[in-house]
Amino acid sequence: MNLTLDPNIEDADGFYEELLEAHRELSKADSDAFNARLILVLCNHIGDRKIIRAALDAAKALNG
Amino acid sequence: MLNPRYEVAFKLYPYERVADQEGAPVRHPVVIVGGGPVGMALALDLGKRGTPVLVLDDHEGVGQGSRAICFAKRTLEIADRLGFGTALRDKGIVWNVGKVFHGESQIFEFNLQPETGHRNPAFINLQQPYFERLLVEEIRRAQADGAPIEIRGGNRLTGLVDKGEYVVAEVETPDGDYALEADWLVACDGARSPVRESLNLGFEGRVFEDNFLIADVRMKAQFPTERWFWFEPPFKDAGQSALLHKQPDDVWRLDFQLGWDIDRAVELEPSRVRARVGAMLGADVEYELFWTSIYTFQCRRMETFRHGNVFFAGDAAHQVSPFGARGANSGIQDAENLAWKLDLVARGVASDGLLDSYSAERVAAAEENILNSTRATDFLTPKSDISRIFRNAVLDLAGACAFARPLVNSGRLSLPTVYDGLPLNGPDELDGPQCSRVGAPCVDLQLGNGFLLDQLSGDFTLMTIDAQALESLSEAGVNVSRLALSATDDPSGALRERYLGQAKSAVYLIRPDQHIVARWPAFDEAVVRAAIGMALGKA
């Protein structure tokens, strides 16, 4: 398995709305904490260190 | 008297004037500077092997204060080989279970030794002065049996010159100065090592900006014998984290993480310490303050642990944070790594090159310990907002989600280093278990009424499991004795599980320090001889 950077989420608009909805009414500190929990949960789900590393690299490289 | 640097808890080796202090400098094969746990373990190992050794210590006994309190399984195994393991277990407090709390709530608990069939527990807790006293008592017994060990208390090293073939040490005593010579000198003189300073050698690494308060208290308490660790403790003024851990004599180690900007003198005032301790234990608990100290720590090491005829071991060579019990425990492993090598070279059996492997192997171990220690410290003391956010997210998840628990790091407890890929290793040709791969220390198991490690006496051993081999062989001046085992000897199946895996038979070549040199499915005299040569640094 390789990291996919192609569209992979069904109903992109619906997903984006759900993501923002989860943060609605959270303070900045609570949002930061929420994001950290979410990243940890997702990384554990992926599990494969190679894919996680590729995702970290992609996030670094795609900055702006 | 010399100006003391600390108070002595037990006076064990009072200064006595010796003949060496008159006339021309006397040459010694091995001189150890520093009579702490590392220096004394090295002296005992060398002396039991028959190599004469002189220990210089600038005090007359062991220092006060609990200091190191967790002695790990590997240290106990080494102590068993050296003869004082039973004394340590009898005095120490055995523990295997740890609990981790976040605020009021317990987020999980762990058992460090779920596997059976080991003589030793994962850890015992024992105040360092007791460890040192029991070690010196074993040295006294060894001396009575003829082991050539000499301890000179009240002898302080004040200068060192490397003459190439040997070193000259200047020594200060209450009766004045004298000089002595050594073929090899081992500096076990602690983190501020005067030997390292006098040779002007570097000690690079990281300083961690945090202060920890230790309050060892004596009390009759009903807390279980477990390691309790709090992140963001719920008691008043307990700081960022706190620890509760039992020691012998009804003494408990309390440790509070106070942060960087504190006034040490104020925090050490007994009333201030008592307020903090009272908040943790409850107002109605009666206790006595036994020892208090504030420490900061660094993770650093020397680039190499050998400089000509001078070796560095323990804190003199490398320093870690206390989280994970990697200080004294790794120092004892340094001592055992060096002892058999120095003995073989001092007796002319192995060449000087074998001694280079001490640095290679123990630098690798120090790297591993510093890595683990640094990771634990970064978890305990987040260095930025985002690292604190992730750390707290891990703690928030750990109660409900099993996946987050392995991420919680309050110190990964000390395990012996496997010498993977280092020069003394021979071939690994057995399709065997990972835990007994080449470079690993042998894993213990019960055999009849005893234990496997008791049968690895401190010389080279050829352990065979359901394999034919010569009963004994001699190669390059080293005698190798055979330990012939069969998987049927062990109804528990541990021998099979830990040394055979899927293989039907196995041959292990084991070093004097119980690390595995090489392993094969069957015996072949020529390849075994070649592997012995490699383990002696001849390859």
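Just so you know, these numbers come straight off a predicted model, no measurement behind them. In what follows, every chain begins at residue 1, and chains take the letters A, B, ... in the order their sequences are listed.
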S.K.: Which one wins on heavy-atom pair count under 4.5 Å against chain A: Asp385(B), Ile386(B), Ile389(B)?
M.R.: Ile389(B)

S.K.: Which residues in residues 392-408 of chain B have any heavy atom lying under 4.5 Å from a heavy atom of chain A?
M.R.: Ala393(B), Val394(B), Asp396(B), Leu397(B), Phe403(B), Leu407(B)

S.K.: What residues of residues 42-56 of chain A sit under 4.5 Å from chain B when you count only heavy atoms?
M.R.: Asn44(A)

S.K.: By number, which residues in residues 365-376 of chain B have some heavy atom less than 4.5 Å away from chain A?
M.R.: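 Counting heavy atoms that sit under 4.5 Å from chain A, no residue of residues 365-376 of chain B is involved.
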
S.K.: Please say whether more than 12 non-hydrogen atoms of neighbouring residues, nucleotides or ligands are located less than 6.0 Å from CG in Asp431(B).
M.R.: no

S.K.: Please determine whether the number of non-hydrogen atoms from other residues, nucleotides or ligands lying under 6.0 Å from atom CD of Glu303(B) exceeds 12.
M.R.: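 No - once you tally the heavy atoms of other residues, nucleotides and ligands closer than 6.0 Å, there are 12 at most.
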
S.K.: Just checking Arg496(B): does its CZ atom have more than 12 heavy atoms from other residues, nucleotides or ligands closer to it than 6.0 angstrom?
M.R.: no

S.K.: For residues 5-22 of chain A, give me every residue with a non-hydrogen atom less than 4.5 Å from any non-hydrogen atom of chain B.
M.R.: none

